[in-house]
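In what follows, a single structure is set out as structure tokens and then discussed.
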Protein chains: 2
Amino acid sequence: MTGGEGLLGIGEAASRSGASERALRYWQQLGLITPTGTTPGGLRRYSEADLARVARLRELQELLGFNLEEIRQVFDNEDRLEELRAEYHSEQTDAARRRELIAEGLQVRSRLRETVEAKIGALQRFLGDLDAQRERLQRVLDDGVPGGPPREAAQPAGSRR
Amino acid sequence: MTGGEGLLGIGEAASRSGASERALRYWQQLGLITPTGTTPGGLRRYSEADLARVARLRELQELLGFNLEEIRQVFDNEDRLEELRAEYHSEQTDAARRRELIAEGLQVRSRLRETVEAKIGALQRFLGDLDAQRERLQRVLDDGVPGGPPREAAQPAGSRR
DNA sequence: CCTGACCCTGACGCTTACGTCAACAGTCGC
DNA sequence: GCGACTGTTGACGTAAGCGTCAGGGTCAGG
């Protein structure tokens, strides 16, 4: 076993997360992924939570097409929510303040939700166009290829209705 | 009016498509967008069809997150379909051959369809996670903020079930 | 305490997708 | 056929997001 505790060296963290060591260091430089611990000698030690954060980063990057600056904003939001949760748990936080905190958490998620939904909508329009083309070709095929030729012009999505 | 015919100079084409002149030239260099015509002096002249192709390129780029190489492949497919359509209309093409051509057209679209659908699926998982978080917070809010604190750990999508 | 595996910090390189500028050429209305 | 505008081809610049060294330091096992 390599880890003195449950923490991983950067090599293991890299291979488990699928990212490169260079990327992990770079993301740390940007303040995106900070390893939970460091050895006295200055070696990075990653926790499972760190790996989860890496996975999330890659998801935002590849699925949503966010750049690292946008991802930083998302992370800032989520880290803010962590703070809120901490304050939420504090003894000297009353019910009204707690409602505020939760409301803010909801807002942050709602904003991200809209972005995601817009993207899904666009992709679905795209898919709809594709299906329309497919169906037309399929009909021509089913009809035993009659005189009616398949007409088509490559056009951008959103052309239905 | 600028155009001798229905064709546009690169400036007009750029401002109408929303792309830059530089981008149009660059895309042409990569073989992605070739203006329909050129003047005897070598000036590019863009047709409406060219603009549609530009719009499609930008869609693939921004919506699907494809890079120019991937877009080139999509365009190659579509251009192949154009050829197929041309052959389809030819007099000396018999019914069997036509069926083949249509079948190939369907295949090309099906492949692209899968890519798009995978992406939509991933985004929907993402959205589902987001909604789950929202609902949990909302419930806590509706329940008048009881003792049960909102538990949460930022985790990658695909964690439902 | 020593070796081998792992890791550190610069620092420069590279790719994609254009932006920008220079120097020159084509087009069009009058 | 001239001026104003528009366009052309290089060529170099740039920004993001890392890759890839060099020249060391760290750590666990024996």
Side-chain angles (χ1 to χ4, degrees), chain A residues 1-47 50 54 56-75, chain B residues 1-47 50-51 53-54 56-75:
Chain A
M1 297 299 169
T2 311
E5 263 171 73
L7 299 182
L8 310 165
I10 195 174
E12 264 294 299
S15 70
R16 287 206 199 178
S17 69
S20 69
E21 300 184 11
R22 179 62 170 96
L24 290 177
R25 295 195 189 101
Y26 181 59
W27 295 338
Q28 181 181 356
Q29 212 177 308
L30 300 189
L32 293 172
I33 306 283
T34 304
T36 295
T38 42
T39 67
L43 302 193
R44 296 168 176 81
R45 296 293 137 160
Y46 293 85
S47 68
D50 295 334
V54 168
R56 184 154 179 76
L57 187 157
R58 309 235 310 156
E59 213 174 46
L60 293 171
Q61 198 175 33
E62 291 164 19
L63 286 180
L64 285 176
F66 284 9
N67 62 31
L68 295 183
E69 174 55 27
E70 292 166 324
I71 292 174
R72 204 182 53 69
Q73 289 176 31
V74 172
F75 278 8
Chain B
M1 298 299 167
T2 312
E5 264 172 74
L7 299 181
L8 311 164
I10 196 173
E12 265 294 297
S15 70
R16 286 205 200 177
S17 69
S20 68
E21 300 184 13
R22 179 62 170 95
L24 290 177
R25 296 198 188 98
Y26 181 59
W27 294 337
Q28 181 181 354
Q29 212 177 309
L30 300 188
L32 294 172
I33 306 283
T34 305
T36 295
T38 43
T39 67
L43 301 193
R44 296 168 175 81
R45 296 293 137 160
Y46 293 85
S47 68
D50 295 334
L51 295 191
R53 196 174 165 104
V54 169
R56 184 155 179 76
L57 188 157
R58 310 235 310 156
E59 214 175 47
L60 292 171
Q61 199 175 33
E62 292 164 18
L63 286 180
L64 284 176
F66 283 10
N67 61 30
L68 295 183
E69 173 56 26
E70 291 166 325
I71 293 175
R72 203 183 53 67
Q73 290 176 29
V74 173
F75 278 8

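From a predicted model like this one, the values you see are computed outputs, not experimental measurements. The chains referred to below are lettered A, B, ... by the order of the sequence lines, with proteins before strands, and numbering in each begins at 1.
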**Asked** Given D:dC18, C:dG19, C:dC7, which nucleotide is nearest the side-chain atoms of A:Glu21?
**Response** C:dC7
**Prompt:** D:dG7 P sits how many Å from B:Arg45 CZ, rounded?
**Reply:** 7 Å
**Prompt:** Do the non-hydrogen side-chain atoms of A:Trp27 and A:Ile71 ever get within less than 4.5 Å of each other?
**Reply:** no
**Message:** Heavy atoms only, 4.0 Å cut-off, all strands: where does B:Gln28 land among base, sugar-phosphate and nothing?
**Reply:** nothing
**Asked** OP1 or OP2 of C:dA17 less than 4.0 angstrom from a side-chain nitrogen or oxygen of B:Arg58, does that happen here?
**Response** no
**Asked** For the pair made of OH in B:Tyr26 and P in C:dC18, what is the distance, rounded to whole Å?
**Response** 7 Å
**Asked** Starting at CG of B:Leu30 and ending at C1' of C:dT16, how long is that distance when rounded to a whole Å?
**Response** 10 Å
Cut-off 3.5 Å, no hydrogens considered: what does the side-chain donor-acceptor table look like for residues 31-43 of chain A, sequence neighbours left out?
unit_1  : atom_1 : unit_2  : atom_2 : d
A:Thr36 : OG1    : A:Ser47 : OG     : 2.8
A:Thr36 : OG1    : A:Asp50 : OD1    : 3.2
A:Thr36 : OG1    : A:Asp50 : OD2    : 2.8
A:Thr39 : OG1    : A:Gly41 : N      : 3.4
A:Thr39 : OG1    : A:Gly42 : N      : 3.3
A:Thr39 : OG1    : A:Leu43 : N      : 2.9

**Presence of A:Gln29 side-chain N/O under 4.0 Å of C:dC8 phosphate oxygens OP1/OP2** = no
**Request:** Could you tell me the separation between the CD1 atom of B:Ile10 and the C1' atom of C:dC18, rounded to a whole number of Å?
**Result:** 13 Å
**Asked** Is there a donor-acceptor pair closer than 3.5 Å between any side-chain N or O of B:Glu70 and the backbone N or O of B:Asn67?
**Response** yes
Do any N or O atoms of the protein come closer than 3.5 Å to N or O atoms of nucleotides 11-15 of chain C, and which pairs are they?
none

**Message:** Just the rounded figure in Å: distance from P of C:dA17 to CZ of B:Phe66.
**Reply:** 13 Å
**Request:** For A:Arg25, report the nucleic acid contact type (base, sugar-phosphate, nothing); a contact means any heavy atom under 4.0 Å.
**Result:** base
**Prompt:** Do you know the tightest heavy-atom contact between A:Ala19 and A:Arg58?
**Reply:** CA-NH1, 4.1 Å
**Rounded distance in Å - CD (B:Glu70) to C1' (C:dA17)** = 14 Å
**Message:** Nearest 0.5 angstrom please: B:Arg72 CZ to B:Leu30 CG, how far?
**Reply:** 9.0 Å
**Rounded distance (nearest 0.5 Å) linking atom CZ of B:Phe66 with atom CG of B:Leu57** = 11.5 Å
**Asked** Roughly how far, to the nearest 0.5 Å, is CZ of B:Arg53 from OH of B:Tyr46?
**Response** 12.0 Å
**Request:** Enter the distance from B:Arg22:CZ to B:Ile10:CD1 here, rounded to the nearest 0.5 Å.
**Result:** 10.0 Å
**Message:** I need the minimum non-hydrogen distance between B:Ser17 and B:Leu51, along with the two atoms involved.
**Reply:** CB-CD2, 4.3 Å
**Complete:** Testing C:dC7, D:dC18, C:dA17 for proximity to the side chain of A:Ala23, the answer is D:dC18
**Request:** Return the residues of residues 34-43 of chain A meeting this criterion: a heavy atom under 4.0 Å from some atom of DNA chain C. Order them by number, or give none.
**Result:** A:Gly42, A:Leu43
**Prompt:** With respect to the phosphate group of D:dG17, does any side-chain polar atom (N or O) of A:Trp27 fall under 4.0 Å of OP1 or OP2?
**Reply:** no
**Item:** Atom-to-atom span, CD1 of A:Ile71 to C1' of D:dC18 - whole angstrom
**Value:** 13 Å
**Prompt:** Say you draw a straight line from CD of B:Gln61 to CG of B:Leu68; how long is it, rounded to the nearest 0.5 Å?
**Reply:** 5.5 Å
**Request:** Nearest whole angstrom, please: distance from the C1' of D:dA16 to the CD of A:Gln61.
**Result:** 10 Å
